[in-house]
Amino acid sequence: MPLLSVQDLKIHFPVRGGWLGRATDVIKAVDKVSFEVEEGSTVGLVGESGSGKSTVARALLKLIPATEGTVTYAGRDILAMSEKEFRPLRKEMQMVFQDPIGSLNPRMTVESILAEPQEIHFKEKTREERRDVSVALLKKVGLPEDALQRYPHEFSGGQRQRIGIARALAVRPKFLICDEPVSALDVSVQAQILNLLKDIQQEFNLTLLFIAHDLAVVRHMSDRIVVMHHGKIVEQGPADQVCEHPRHDYTQRLLDAVPVLM
Ligand code: ADP
Ligand code: MG
């Protein structure tokens, strides 16, 4: 049984512009999307900007409602769950965002940023215990202990993404959604963060949904690749197969957009 199974997921947004703000049309941001993620594996979700990738990610974490379809996590239908029922799974399913500066509160020290999810999910721990966890997390993501007293703006983009990853790991998730985690970073830093994610996945036996618009990056990370275009899946399969024998023109176009390193 796969850890995550998405069946015929549809997410439509109303376009309001009619009389008294009535919906005049819908944007089919996600249109009948189905895929599965095996436990311990990485599935890459690729497609150009606006293809619906982040909308899928948000629906998986119940941050937005789905219009139709089923999402099963560890055999349980999560779209049917109330927020209360879903709370324990909120801990298991964590997200790493594209823009670490936008997702890290600028007025919080790194210590508070790393303590916050622990306060929510490990209420029984003392402040010292949380701090020890935070120090271990910083070490894990390659940052020094004295980072705890500093603020997000004092770090480089790559370091901030390391903090974002540490925060996601703070509650010991099983399933990590990484939404364009290196797209805002310099090319020279991207590989370091990708390799960090790979190491962490191995060490914690994480299951990953890795989202990016860059097929080379997705291939580097993924066992399987799902290609999205205008809200639909145009192709999916093992990473090597999709990249070496693309069956869809759109996948070929994404491959053609990958810079060739000489
Ligand atoms: P991607 O992550 O692949 O770049 P998104 O999932 O962010 O794409 O967006 C897919 C489509 O859905 C886009 O056309 C976007 O404008 C639209 N969209 C996303 N969120 C909303 C929303 N809350 N309301 C209306 N349209 C939205
Ligand atoms: Mg996106």
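Numbering of ligands and ligand atoms starts at 1, following listing order. Here the structure is a predicted model, which means the values were calculated and not measured.
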*Asks:* Taking Lys140 first and then Asp199, would you say they form a salt bridge - that is, a charged N and a carboxylate O separated by under 4.0 Å?
*Replies:*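 Salt bridge: no.
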
*Asks:* Under 4.0 Å from atom 15 (C) of ligand 1, do we find at least one protein heavy atom?
*Replies:*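 For atom 15 (C) of ligand 1 the answer is no, since every protein heavy atom stays at 4.0 Å or beyond.
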
*Asks:* Give a yes or no on whether Gln98 keeps an N, O or S atom under 2.8 Å from the Mg ion (ligand 2).
*Replies:*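 For Gln98, the answer is no, given that no N, O or S atom comes within less than 2.8 Å of the Mg ion (ligand 2).
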
*Asks:* Going by the angle between their ring planes, with limits at 30° and 60°, are His153 and Tyr151 parallel, tilted or perpendicular?
*Replies:*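 His153 vs Tyr151 ring planes: parallel.
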
*Asks:* Of the protein's non-hydrogen atoms, which lies at the shortest distance from atom 5 (P) of ligand 1, and what is that distance?
*Replies:*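 Checking every protein heavy atom, the shortest distance to atom 5 (P) of ligand 1 gives Thr55 OG1, 3.6 Å.
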
*Asks:* How close does the nearest protein non-hydrogen atom get to atom 18 (N) of ligand 1, and which residue and atom is it?
*Replies:* Phe13 CE1, 3.5 Å

*Asks:* Go through ligand 1 atom by atom and flag the ones less than 4.0 Å from a non-hydrogen atom of Ser51.
*Replies:* 1 (P), 3 (O), 8 (O)

*Asks:* Going by atom types alone, do Ser54 and Asp179 pair a side-chain donor with an acceptor below 3.5 Å?
*Replies:*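 Judged by distance alone, the side chains do pair up.
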
*Asks:* Cation-pi check, Arg150 to Phe155: give yes when NZ or CZ is under 6.0 Å from the six-membered ring centre and within 45° of the ring axis, no otherwise.
*Replies:* yes

*Asks:* Does a side-chain N-to-carboxylate-O contact under 4.0 Å join Glu83 and Arg90?
*Replies:*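 Salt bridge present between Glu83 and Arg90.
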
*Asks:* Show me which atoms of ligand 1 lie under 4.0 Å from any heavy atom of Ser49.
*Replies:*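 Per the distance check, 4 (O).
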
*Asks:* Any idea which protein heavy atom is nearest atom 12 (O) of ligand 1, and the distance to it?
*Replies:*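 So the nearest neighbour among protein heavy atoms is Ala29 CB, 3.3 Å.
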
*Asks:* Give me the nearest non-hydrogen protein atom to atom 4 (O) of ligand 1 as residue plus atom name, then the distance to 0.1 Å.
*Replies:*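 It is Gly50 N, 2.6 Å.
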
